[in-house]
Structure formats: C-alpha cells, structure tokens
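Input: a single structure, listed below in structure tokens.
The first residue in the sequence is number 1, and the count goes up from there.
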Amino acid sequence: MPKEAGPTTGEQAKQHALALLRQAILNGEMAPAQRLVENELAEQFGVTRASIRAALIDLEAQGLVERIRNRGSRVRVVTVEEAVAITECRMVLEGLCAAKAAVAASDEQLTELADLGAAMQKAVADGEPVTYSELNHRLHDRIREISGQQTAVELLERLNAQLVRHRFQLALRPGRPQQSLNEHLAMIEAIRARDPQAAEAAVRAHLTSVIDALGD
C-alpha cells in the first residue's frame, strides 16, 4: 500500500490509521498471521507510533488483530472452529434481521431484493464466483439494513469482519455458489411473502449449510 496522507497525531490520526488498517485486513491486503510492525506502519500511514499502537488496540478489541507476547501484533488467525462458532452466532442475529425485514420492507425494497436474486442467478449461470460473492454480501447487508435492528447490525459487522478469509475461500470453492444460490433465493422468497418465521428459518438453513461447508 502507498504512503497515505492524513493527520499525523492525536485522535484523528488514530482514526485515520484505524480505518486504513481495518480496510487492508478486510480486503485481504494483510494476510492472517502477518506481523504488524509499528514503525513500518507509522511510516506508511504518516502517523506516530502512538497512533498506530492505539489503532492496533482497537483492532484487537474488534477481533481482527492479536498481540503475541514479546513478539508484537499480527493479523488474527481465525481457526475453522472459531469460524463455526461465529457463524452460529450469526445464525441467531441474521435470522432475527430477516424476520424483521419480512415485516418492515417496503414494496420497493422487496423489488430490490428480487433484483439482487436475479443478479445472483445470472452470476452463477455465467460462472462468475467473485461477482456472486459480492452480490451475496450485498444481499445480506440489505436485509440487515431493511430490518432496522441496529443493535444486531452492529454486532454482525464485527462478527462478519472476522470471517472475511473463510467467506472468500468458500465463495471460490467449486460448486459452492450453485449450492448457496437456492438458499439465498429461499430467503428472498420468504421475505417477499412477508413471512417472518419462514424468513428466519431460511437464514438458519443457509447458515447451517455454511457451517457444514466450513467443516469440509
């Protein structure tokens, strides 16, 4: 990553470094177990070591960074077991959001979800797993937003950030998009039918399938 321009000290500098580091981890520019050297990052982002250290503490609290005694910080490695546990928590929260969305969605929002489903079908038919993965994330994001359940949304943002590497690997696994497509379409159908119980059940079925895939 090139050196970034921004504030050099204080809270603004910390937030600047925090945002850039978080995005680099979520984008895969910084790999799991990669060492995070404060001097190098301070030079790269044009901030003080104190700002980097404060940003790393925040990222540790978010589950994205881990501190190794006598060795400094590194990008956190999320094991398969941890990914399964996180997905189990997602199941409850995303099921809640889907149920809320089935009640709260406007007609325009229901049409938007249907359009996303059609775009996902096209991506699978065209053999475009990366496009499908992006649409998948957008669908889950929109369901959460439509739900209006802000507490669940904030918790899910933290949980999903820890799963970036596992979700990307699953998206590229041969046959996985075809399998998950029908699960997502079932979620959309239940929300469009304004059936909160069916919407929650569809999300739980989808994430159960994700847990099974993580264990393969």
For residues V75 and V65, determine if any side-chain heavy atom of one lies less than 4.5 Å from a side-chain heavy atom of the other. no
Practice task
Check whether any side-chain N or O of T208 sits under 3.5 Å from a backbone N or O of R204 as a donor-acceptor pair, and report yes or no.
Solution key: yes
### Query
Do L20 and L36 share a hydrophobic cluster (ILVMFWY, side-chain heavy atoms under 4.5 Å, transitive)?
yes
Working for salt bridge (Lys or Arg N to Asp or Glu O under 4.0 Å), residues R158 and E154: CA-CA 7 Å; R158 171 172 174 163; E154 291 171 2; over 6 Å; no
* Is H140 close to H206 at the side-chain level, that is, under 4.5 Å between some pair of heavy atoms? -> yes
Are any of the side-chain heavy atoms of P129 and V124 separated by less than 4.5 Å? no
Given side chains that start at C-beta, do those of R173 and L170 come closer than 4.5 Å, heavy atoms only? yes
Do T131 and D126 have side chains that approach each other closer than 4.5 Å (heavy atoms only, starting at C-beta)?
no
**OP:** Answer whether the closest heavy-atom distance between the side chains of R165 and V78 falls below 4.5 Å.
**Re:** no
Heavy-atom closest pair (I191 atom, A199 atom, distance to 0.1 Å) is CG1-CB, 3.8 Å
* Do V203 and I211 share a hydrophobic cluster, counting only Ile, Leu, Val, Met, Phe, Trp and Tyr and linking them when any side-chain heavy atoms are less than 4.5 Å apart? -> yes
**Study point:** Check: Q109 main-chain N/O paired with S106 side-chain donor or acceptor under 3.5 Å
**Key:** yes
Out of curiosity, does L163 fall in the hydrophobic cluster containing L214 (side-chain heavy atoms, cut-off under 4.5 Å, transitive links)? no
So CD of Q149 and CG of L156: to nearest 0.5 Å the spacing works out to 9.5 Å
TODO: Indicate whether the side chain of Q34 and that of R74 have a donor and an acceptor atom separated by less than 3.5 Å.
DONE: no
Apply side-chain contact (heavy atoms from CB on, under 4.5 Å) to M120 and L185, showing your working. CA-CA 9 Å; M120 292 171 80; L185 295 178; 5.7 Å; no
d(N160 CG, R90 CZ) to nearest 0.5 Å is 4.5 Å
After noting the C-alpha distance and the side-chain angles of L21 and L64, does the key distance pass the side-chain contact (heavy atoms from CB on, under 4.5 Å) rule? CA-CA 10 Å; L21 278 166; L64 297 179; over 6 Å; no
The reported gap from SG in C97 to CD in E145 (rounded to nearest 0.5 angstrom) is 10.5 Å
(message) Can you see whether Y132 engages H184 through a side-chain donor-acceptor pair at a distance of less than 3.5 angstrom?
(response) yes
NZ/NE/NH1/NH2 to OD/OE distance under 4.0 Å, K100 and E94:
no
To the nearest 0.5 Å, atom CD of Q62 lies from atom CD1 of I57 at 12.5 Å
Value for CG (L139) from CZ (R144), rounded to nearest 0.5 Å, stands at 9.5 Å
Scanning both residues in full, the closest heavy-atom pair of A152 with L96 reads CB-CD2, 4.5 Å
Looking at D141 and R138, is any side-chain nitrogen of the basic one under 4.0 Å from a carboxylate oxygen of the acidic one? no
Step-by-step side-chain contact (heavy atoms from CB on, under 4.5 Å) determination, L181 to R176: CA-CA 8 Å; L181 174 62; R176 179 62 196 166; over 6 Å; no
Find out if a path of hydrophobic residues (ILVMFWY) with successive side-chain heavy-atom gaps under 4.5 Å connects L41 to L59. yes
Checklist entry - Salt bridge between K14 and D58, side-chain N to carboxylate O under 4.0 Å? => result yes
request  = Apply side-chain contact (heavy atoms from CB on, under 4.5 Å) to the pair E38 and L56, showing each step before the final yes or no.
outcome  = CA-CA 9 Å; E38 291 178 5; L56 291 174; 4.0 Å; yes
Inset, instruction - For R194 and A101, indicate whether the former's side chain and the latter's backbone hold a donor-acceptor pair under 3.5 Å. - result: no
Output for pair (L18 CG, Q12 CD), nearest 0.5 Å, gives 13.5 Å
Task: K122 with D115: basic N within carboxylate O range, under 4.0 Å - done: no
- prompt: Heavy atoms, side chains only, cut-off 4.5 Å: are L113 and I146 in contact?
  reply: yes
*Is it the case that S209 and Q179 place a side-chain donor and acceptor less than 3.5 Å from each other?*
yes
Closest heavy-atom pair, A13 versus S51, reported as atoms and distance to 0.1 Å, is CB-OG, 3.5 Å
Closest non-hydrogen contact found for H16 with V47 is CD2-CG1, 4.2 Å
Legend entry - Q15 atom CD, over 12 foreign heavy atoms within 6.0 Å: yes
- Query: So do the side chains of E82 and R76 get within less than 4.5 Å of each other, counting heavy atoms only?
  - Reply: yes
> Quick one: do L110 and I188 end up in the same hydrophobic cluster if we chain Ile, Leu, Val, Met, Phe, Trp and Tyr together by side-chain heavy atoms under 4.5 Å apart?
Replying inline: yes
